[in-house]
Amino acid sequence: QVQLVESGGGLVQAGGSLRLACVASGRTFGIYSMGWFRQAPGKEREFVAAISWPNGRTRYGGSVEGRFAISRDNIKRTVYLQMNSLKPEDTAVYYCTSSGRSLISITTVDYPYWGQGTQVTVSS
């Protein structure tokens, strides 16, 4: 089993920054990609960013590319999401996820493990 715990969510003004973290525990040897999805009320869960092992390849959703940056611990299955130039439309619950495949997917069904989510609220 894999457990994922997110942290770092909160309230920030538009234009500000926030840094999320996700720590994986359990059977982490089988994790080859980790990333973030977000979900606003009444909307589908949206792909945000992901990063893979061992090569560190990244992929971003079109709405956040250029503003957000995902990074990883070099050994541990831990990822961070640096969120800059935040906009009110970034407001959502952000969920950490992990997969046993290194080829990054943008589809929720390809990720078997999920964290509880952390709320990010961007005020105008």
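Donor-acceptor pairing under 3.5 Å is recorded for the side chains of D110 and S105. Residues R101 and Y32 have side chains that never bring a donor and an acceptor to within less than 3.5 angstrom of each other. Side-chain contact of E46 with S63: a donor-acceptor pair under 3.5 Å is present, judged by distance alone. Looking only at atom types and distance, the side chain of T58 has no donor-acceptor partner in the side chain of R72 under 3.5 Å away.
Residues A92 and A40 approach most closely at CB-N, 3.9 Å, considering heavy atoms. Minimum heavy-atom separation, S98 to V2: OG-CG1, 3.9 Å.
No donor-acceptor pair closer than 3.5 Å links the side chain of S33 to the backbone N or O of S52. With hydrogens and angles ignored, the 3.5 Å screen pairs a side-chain donor or acceptor of T91 with a backbone N or O of P88. Of the possible polar contacts, none joining the R38 side chain to the V93 backbone as a donor-acceptor pair under 3.5 Å is found. Judged by distance alone, with hydrogens and angles left aside, the side-chain atoms of T97 form a donor-acceptor pair with the main-chain N or O of Y113 at under 3.5 Å.
In the hydrophobic clustering of ILVMFWY residues, with side-chain heavy atoms under 4.5 Å counting as a link, F37 and F68 come out apart. By the criterion of side-chain heavy atoms lying less than 4.5 angstrom apart, applied directly or through intervening Ile, Leu, Val, Met, Phe, Trp or Tyr residues, V12 is grouped together with L20 in one hydrophobic cluster. Residues I104 and Y60 fall into different hydrophobic clusters, defined by Ile, Leu, Val, Met, Phe, Trp and Tyr side chains chained together at heavy-atom separations under 4.5 Å. Taken together through direct or relayed side-chain contacts under 4.5 Å among Ile, Leu, Val, Met, Phe, Trp and Tyr, I51 and M83 form part of one hydrophobic cluster.
R19 is linked by a side chain to side chain donor-acceptor pair (under 3.5 Å) to nothing, counting only residues two or more places apart in sequence or in another chain.
With rounding to the nearest 0.5 angstrom, the OH atom of Y95 is 8.5 Å from the CD atom of Q116. Rounding to the nearest 0.5 Å gives a distance of 6.5 Å between OG1 of T78 and CE of M34. The distance from atom CD1 of I70 to atom CZ of R57, rounded to the nearest 0.5 Å, is 15.5 Å. A distance of 10.0 Å separates CH2 in W114 from CD in E6, rounded to the nearest 0.5 Å. Atom OG of S123 and atom CG of L11 lie 5.0 Å apart (nearest 0.5 Å). If you take SG on C96 and CG on L81, they are separated by 9.5 Å, rounding to the nearest 0.5 Å.
Ring pair W36/F47: centre-to-centre distance not below 6.0 Å.
Within a 6.0 Å radius of CD in Q3, more than 12 heavy atoms belonging to other residues, nucleotides or ligands are found.
A 4.5 Å side-chain heavy-atom check between W53 and R77 finds at least one atom pair inside the cut-off.
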Practice item. Could you check V120 against L18 for side-chain contact (heavy atoms from CB on, under 4.5 Å), going step by step and ending with a plain yes or no? Key: CA-CA 9 Å; V120 172; L18 210 57; 4.0 Å; yes
